[in-house]
Amino acid sequence: MKPTYGGVSRYGAIAMASSLDQIGPVSRTVLDSALLHEVIGGHDPHDSTSLTDPVGALVEAARLGQVEGMRIGVIRELQGEGYQAGVLTRFSESLELLRSAGAEIVEVSCPNFQYALGAYYLIMPSEASSNLAKYDGVRFGLRVVPDGAPTIERVMGATRAAGFGDEVKRRIILGTYALSAGYYDAYYGSAQKVRTLIQRDFAAAFEQADVLISPTAPTTAFKLGEKLDDPLAMYLNDVATIPANMAGIPGLSLPGGLADEDGLPVGIQLLAPARQDARLYRVGAVLESLLEDTWGGPLLAQAPAIPGSAGGK
Amino acid sequence: MTAVTDEVLTFDEAMEKYDPVLGFEVHVELNTRTKMFSSAPNAFGDVPNTNVTPVDLGLPGVLPVVNGVAVESAIKIGLALNCKIAEKCYFARKNYFYPDTPKNFQTSQFEDPIAYDGSIDIELADGTVFTVEIERAHMEEDAGKLTHMGGSTGRIQGAEFSLVDYNRAGVPLIEIVTKPIEGAGSRAPELAKAYVAAIREIVKNLGVSDARMERGNVRCDANVSLRPHGQEKFGTRTETKNVNSLRAVEHAVRYEIQRHAAVLDSGTPILQETRHWHEDTRSTTSGRPKSDADDYRYFPEPDLVPVVTNDAWIEKLRAELPEPPAERRKRLQADWGYSDAEFRDVVNAGVMSSIEDTVAAGVSAAVARKWWMGEISRRAKLADLEPAELGVTPELIVELNALIESGKINDKLSRDVLDGVLAGEGTPAEVVEQRGLAVVSDDGPLLEAIDGALAAQPDVADKIRGGKVQAVGAIVGGVMKATRGQADAGRVRELILQRLGVEG
């Protein structure tokens, strides 16, 4: 569950991109997320960006158990080309289950989503480059003192070279570049404008639908480290989830079954307007229940044992 | 390390050829209870690294929260500088790596300062008024304090290691930036000093800063450029950093004008750079190159929400503003009837408020001035204190004055009474009693002393008899000496003239 931006305090969270970061529950069931969300949600005076609204009746929404009459919008731009067949099959099945439960399935269009990934990968590294600057070995954490005369610049450099991984360094470099004088307007400035366009797309879509639905990712999981050398392909995996972060709206992802071709899990994403997190719990809990009926229990029960691990069943 | 001494022209030579343009960035540390973005105490002089929270150390996971009092102080400063106040303004991150900056960015304001487009009138010692335009006043946080150890100069060059005290990191700062100040001519150094003095006075009067320059509460970066007379375009400027006394501001501006003039005369362009001020040699040395394209990668601070103001709030703060120092001075001078010179001396001696209080306690402005500018200032100078720090209360002056006016004591004795009171011997009346300081009003002892004085100076006595009445002062002096000052000089004069059979 990714709550509305500001719905859960970020105080204590190690920041990557402050305007995109959001704390949320990860749990085995939709209800568990709602229970945890009600505990961790709400205003925190230590986080100026945290919402002052009460957290809302999330558990009640998860227990409501009906979606009859709700309008569920399928985002045209988050399906089709680039999406794995097994992902689309499981996605269609979820739509059918919701329709059978009395929801009205409509199609919505969010044309500016095509710019979301590019804009996200400017804003996120920009903010990350600044947020990660504090990891310099001066006050806490790793400190690497290079041989020779260790000036402050050399200690900071050696510490950061040793402490950050390649992907982190890539993002710091990208972000530093994007914020540089002469490039700021073209990169960071333009990306912020895209953000506004995405918010407008969502606003229009939510006039036609109470919640939106899409696959969580275009494909099932790739192998650990497999796409490190092809960052664009790796970033493409975020195409469906980042519009919500760009707009600050809540999103929920739940298991939609296993893809036929590789047997790996497929995620179903639900999105709601800002501060309407309860709608996600309501629809999510119903879909979870319908899916588990077809599987005869939680999807996790079908997970194979990981070799050499005590986990799994 | 030997300081490189640059060539300079004399100030007059520089003025003959060039026209100076000034600009100032003054940083004012606010005296809020807590820091700009954290709940750590904002206090000076404590054990290093004790006034810090995780926020001030930039630990992972922390977030800033804006200090509401600091915002109000910023608005008050803006209003006192006749600025417009932004309806909505943002904080921004100024990114640069330096160990005194815990997050390796300073939270400041960039494109939208809270206050902008103001002006203040600066009055020089001779009454000339310059209007200085204010570009902006914005909120930001101070950095920690670095102490470089192991070197001989205390500077980073040659140091073995450096210590960081984060007590100052996060202290609220207001940076006040002027527009370029043209037309000051040879008054430029004087104007520089008067401008910083005015800012210091304003923030102190507002109560938003302790305004102690020796503690770094008010710090000035002075920009200077020269252009040949008649040229419109500004010359290349240098920025002399952290000039932290009023005298130093004046000297630094004067020195940079003289140095620029020499560089320009030699046909070399001025290097745009920061300069360090050295009080001992009264000169500047080169700092680091500074171009307008310094890249701090500013972007809006995503951890903070915008500061939104409204008219009701601003008007409430405006109504709370104290009387501006310049207006207060005008009013007091008119009330007291002092000449311009008298009033300027009072202001320069730092006793204006003391006189105000003393007049309010019930003596005339002339009497209050006589005390504060005379005896009390003299004692303050001897003790190396400010006059107001001596412990002389307005009520004490009222009592002393009453004793003088009633004829109980004279001016000279009143100083002994003051000694006694300050030494804790009681009220003025008690001191007069215990020290036996009352004026001798019995003519018997006086006549005895007069005869003695006349006998000691027979030639003077003859002169007086011959009609040179003004010579009587010498005899009066002798009598006062003989009575250890405990005589009424007027009565003594009368008696001498009587004794010599001369008409006063």
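Here is how names work: the chains are called A, B, and so on, in the same order as the sequence lines, proteins then strands, and each is numbered from 1.
With hydrogens and angles left out, the side-chain atoms of B:Asp46 and B:Asn167 include no donor and acceptor closer than 3.5 Å. Residues B:Glu29 and B:His27 bring no donor and acceptor atom of their side chains to less than 3.5 Å of each other. There is a side-chain donor-acceptor pair under 3.5 Å between A:Thr4 and A:Asp277. In the model, B:Arg219 has no side-chain atom that pairs as donor or acceptor with a side-chain atom of B:Asn244 under 3.5 Å. With hydrogens and angles left out, the side-chain atoms of B:Thr101 and B:Gln106 include no donor and acceptor closer than 3.5 Å. A:Asn131 and B:Arg93 share a donor-acceptor pair across their side chains, judged by distance under 3.5 Å alone. In summary, the side chains of B:Asp56 and B:Thr53 do present a donor paired with an acceptor at a separation below 3.5 Å, with no hydrogens or angles considered.
Scanning residues 6-21 of chain A against chain B with a 4.5 Å non-hydrogen threshold yields A:Arg10, A:Tyr11, A:Gly12, A:Ala13, A:Ile14, A:Ser18, A:Ser19, sorted by number. Within residues 36-47 of chain A, the residues having any heavy atom closer than 4.5 Å to a heavy atom of chain B are A:Pro45, A:His46, A:Asp47, listed by residue number. The stretch residues 148-172 of chain A places A:Ile152, A:Met156, A:Arg160 near chain B, each with some heavy atom under 4.5 Å from a heavy atom of that chain.
Here the shortest heavy-atom pairing between B:Phe91 and B:Gln109 reads CD2-CG, 4.0 Å. Between A:Tyr188 and A:Glu127 the shortest heavy-atom distance is OH-OE2, 3.4 Å.
The ring pair (Phe, Tyr, Trp, His ring centres under 6.0 Å) check on B:Phe105 picks up nothing, with sequence neighbours excluded.
Ranked by non-hydrogen atom pairs under 4.5 Å with chain A, the options B:Leu304, B:Val55, B:Val62 are led by B:Val62. If you tally non-hydrogen atom pairs under 4.5 Å between each of B:Val65, B:Val66, B:Val164 and chain A, the highest count goes to B:Val65. Ranked by heavy-atom pairs shorter than 4.5 Å toward chain A, the options B:Val305, B:Asn104, B:Leu63 are led by B:Leu63.
The closest side-chain heavy-atom distance from A:Arg139 to B:Pro102 is below 4.5 Å. Contact of the B:Pro172 side chain with the B:Phe37 side chain is not registered, since no non-hydrogen atoms from C-beta on lie closer than 4.5 Å.
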- In sequence, state the C-alpha distance, the side-chain angles, and the governing distance for A:Tyr183 and A:Tyr177, and then conclude on ring-ring contact (aromatic ring centres under 6.0 Å, His included). CA-CA 7 Å; A:Tyr183 298 102; A:Tyr177 182 75; 4.7 Å; yes

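Interface remark: B:Asn95 contributes side-chain atoms only to the contact with chain A (heavy atom separation under 4.5 Å). Within the 4.5 angstrom heavy-atom criterion, no atom of B:Phe161 approaches chain A.
The aromatic rings of B:Tyr296 and B:Tyr298 lie perpendicular to each other, with more than 60° between the two planes, well past the 30° mark.
The environment of A:Lys193 atom NZ is sparse: at most 12 non-hydrogen atoms of other residues, nucleotides or ligands sit within 6.0 angstrom.
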